[in-house]
Colleague: 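Have a look at this one.
Numbers here simply count residues along the sequence, with the first being 1.
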Amino acid sequence: MSASPLPLYHKIYLLLKQRLAAGDFSGDAPMPGENALATEYGVSRLTIRRSLEALEAEGLVKRRQGRGTFAAPAPQPSGGHQSDIDSLMAHLADMGMQTQVRLIDLQVETAQPAVALRLELEPGAPVHRSVRVRSHDGLPFSHLTTYVPDDIGRRIRRDDLGSRPILGIFRDLGVQVAHAEQAISAALAEPQEAALLEVPVGSALLSLRRLVRDASGRPVELLHALYRPDRYEYRMDMRAHETPGEPNWLPAGAGKSAAS
């Protein structure tokens with residue numbers, strides 16, 4: 001764990017709360033037990049117990065005697081700001097030329113409830129999940145977890161995932177992407193992500209979630225990207241627009257990013 005004035009149990013509470021919000025734990029199955037979580041985060045069982053008690057007090061989990069701890073029902077995700085897909089494609093192509101990507105994992109798995117909801121799939125539908133790390137000058141700056149529906153994922157070659165942006169792969173497959181909805185916030189580094197990004201567990205990261213749809217409106221990609229803020233920044237051009245009352249700042253186009 002990184003040095004922090006926060007009590008250790010509170011840092012674990014924040015990490016578990018983040019995972020609950022992301023839908024990592026299904027309400028139909030118990031969360032990992034106290035011993036398993038203690039091993040994962042490298043802390044004592046007592047610390048995990050205090051973290052779970054804090055989550056329970058907030059109504060985020062329910063502890064059932066003899067059965068374990070279960071996630072409370074999560075609220076439906078709200079839509080994010082739509083990005084101009086042509087500018088997004090150009091940006092990703094440019095990033096692909098200037099950075100290196102390493103494929104960490106590629107699996108076909110049953111979609112978690114939160115993933116199935118966003119991709120508008122039936123519960124239990126298969127999805128292809130890939131985990132990649134992108135670097136600049138040999139220094140990792142982003143951790144990318146991508147989900148695509150089975151009928152698309154089975155056509156994507158493993159070698160392409162380790163060398164090309166997914167939107168470029170879609171184009172070659174004849175998948176016509178039309179628009180994207182994305183949201184940017186902050187997140188804390190989980191153990192696996194922290195190791196790959198070479199930061200302490202619990203470090204602050206920039207979190208970007210993007211849902212890409214094709215021309216028919218069907219979701220074709222769900223991306224969760226985590227960035228090191230000391231090596232990556234997201235920029236957006238803004239223009240003043242006259243509206244009733246005071247002028248408003250609105251995006252002039254898709255955001256730009258830079259890895260340092």
Side-chain angles (χ1 to χ4, degrees), residues 22-24 83 85-112 114-116 118-121 125-182 184 187 189-199 205-215 218-228 231-232 234 254-255 257-259:
D24 287 355
S83 299
I85 203 70
D86 291 333
S87 297
L88 183 60
M89 287 279 285
H91 157 65
L92 292 174
D94 182 61
M95 178 173 285
M97 294 290 290
Q98 300 181 37
T99 63
Q100 307 82 46
V101 65
R102 178 163 61 104
L103 180 63
I104 304 300
D105 192 26
L106 177 61
Q107 300 287 339
V108 181
E109 62 184 33
T110 299
Q112 298 175 4
V115 172
R118 295 304 309 276
L119 287 176
E120 299 177 8
L121 298 172
V127 293
H128 291 241
R129 178 180 63 86
S130 63
V131 177
R132 295 168 296 151
V133 171
R134 194 169 284 279
S135 303
H136 179 67
D137 290 338
L139 301 174
F141 70 89
S142 71
H143 180 282
L144 311 169
T145 303
T146 303
Y147 300 88
V148 299
D150 179 60
D151 63 304
I152 297 176
R154 70 176 68 145
R155 300 164 57 199
I156 298 177
R157 297 186 304 174
R158 187 183 187 93
D159 289 347
D160 284 342
L161 285 172
S163 60
R164 304 178 57 203
I166 284 186
L167 292 187
I169 298 173
F170 281 175
R171 180 179 53 201
D172 291 348
L173 294 178
V175 178
Q176 185 180 358
V177 295
H179 68 276
E181 307 150 14
Q182 69 179 23
I184 300 174
E190 296 284 351
Q192 181 183 19
E193 300 151 356
L196 291 170
L197 290 175
E198 300 176 2
V199 298
L205 301 174
L206 181 66
S207 170
L208 182 148
R209 296 182 183 274
R210 177 185 298 145
L211 181 68
V212 177
R213 297 178 181 271
D214 65 13
R218 176 200 179 193
V220 293
E221 179 199 4
L222 179 62
L223 166 71
H224 183 206
L226 294 168
Y227 300 95
R228 286 186 53 153
R231 295 180 180 169
Y232 181 91
Y234 190 89
S257 57

Colleague: Yes or no on side-chain contact (heavy atoms from CB on, under 4.5 Å) for H128 and R155, after CA distance, side-chain angles and deciding distance?
Modeller: CA-CA 10 Å; H128 291 241; R155 300 164 57 199; over 6 Å; no
Colleague: Test side-chain contact (heavy atoms from CB on, under 4.5 Å) on R118 and Y147 and set out the steps.
Modeller: CA-CA 10 Å; R118 295 304 309 276; Y147 300 88; over 6 Å; no
Colleague: Measure the spacing between CG of L121 and CG of D150 and express it to the nearest 0.5 Å.
Modeller: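 It is 9.5 Å, given to the nearest 0.5 Å.
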Colleague: To the nearest 0.5 Å, what is the distance between CG (L226) and CG (L197)?
Modeller: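 L226 atom CG to L197 atom CG measures 7.0 Å (nearest 0.5 Å).
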Colleague: Under the side chain to side chain contact (heavy atoms under 4.5 Å, CB included) rule, collect the residues that match up with E190, sequence neighbours excluded.
Modeller: L15, Q18, R19, Y41, E193
Colleague: For the residue pair R228 and E198, what are the closest heavy atoms and their distance?
Modeller: NH1-O, 3.2 Å
Colleague: Of the non-hydrogen atoms in A187 and S207, which two are nearest, and what is the gap between them?
Modeller: CB-CB, 3.8 Å
Colleague: To the nearest 0.5 Å, what is the distance between NE2 (H224) and NE2 (H143)?
Modeller: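 Reported to 0.5 Å precision, the distance equals 9.5 Å.
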Colleague: Say whether, by atom type as modelled, one donor and one acceptor occur between the side chain of R231 and the main chain of P140 under 3.5 angstrom.
Modeller: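 A pair under 3.5 Å: yes.
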Colleague: Let me have the donor-acceptor pairs involving side chains of residues 101-108, under 3.5 Å, with sequence neighbours excluded, atom names and distances please.
Modeller:
from, atom 1, to, atom 2, distance (Å)
D105, OD1, Q107, NE2, 3.0
D105, OD2, R129, NH2, 3.1

Colleague: Within this structure, what is the CG-CG distance for the pair D172 and D160, rounded to the nearest 0.5 Å?
Modeller: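 Answer for the CG-CG pair, D172 versus D160, is 7.5 Å.
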Colleague: Locate the shortest heavy-atom distance separating G153 from V148; write the atom from each residue and the value.
Modeller: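 G153 and V148 have their closest heavy atoms at CA-CG2, 3.6 Å.
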Colleague: Dump the intermediate steps for side-chain contact (heavy atoms from CB on, under 4.5 Å) on L161 and I166, then the final yes or no.
Modeller: CA-CA 7 Å; L161 285 172; I166 284 186; 4.0 Å; yes
Colleague: What is the minimum heavy-atom distance between G138 and Q100, and which atoms define it?
Modeller: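 So the minimum-distance heavy-atom pair works out to N-OE1, 3.6 Å.
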Colleague: Does CD belonging to E120 count more than 12 external heavy atoms closer than 6.0 Å?
Modeller: yes
Colleague: Roughly how far, to the nearest 0.5 Å, is CG of L119 from CG of L211?
Modeller: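 Nearest 0.5 Å value for the CG-CG distance: 6.5 Å.
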Colleague: How far does CD1 of I156 sit from CG of L173, to the nearest 0.5 angstrom?
Modeller: 6.0 Å
Colleague: Applying side chain to side chain contact (heavy atoms under 4.5 Å, CB included), can you list everything that pairs with A225, at least two apart in sequence or on another chain?
Modeller: L144, L208, L223, Y227
Colleague: Would I152 and E221 satisfy side-chain contact (heavy atoms from CB on, under 4.5 Å), going step by step from the backbone distance to the final call?
Modeller: CA-CA 9 Å; I152 297 176; E221 179 199 4; over 6 Å; no
Colleague: Can you name the closest pair of heavy atoms from R164 and R132 and give their distance?
Modeller: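 Closest approach of R164 to R132: O-NH1, 3.9 Å.
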Colleague: Does D214 use its side chain to pair, donor to acceptor, with the backbone of R218 at less than 3.5 Å?
Modeller: yes
Colleague: Are there over 12 heavy-atom neighbours, none belonging to Q192, within less than 6.0 Å of that residue's CD?
Modeller: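 Not buried by this count: 12 neighbours or fewer within 6.0 Å.
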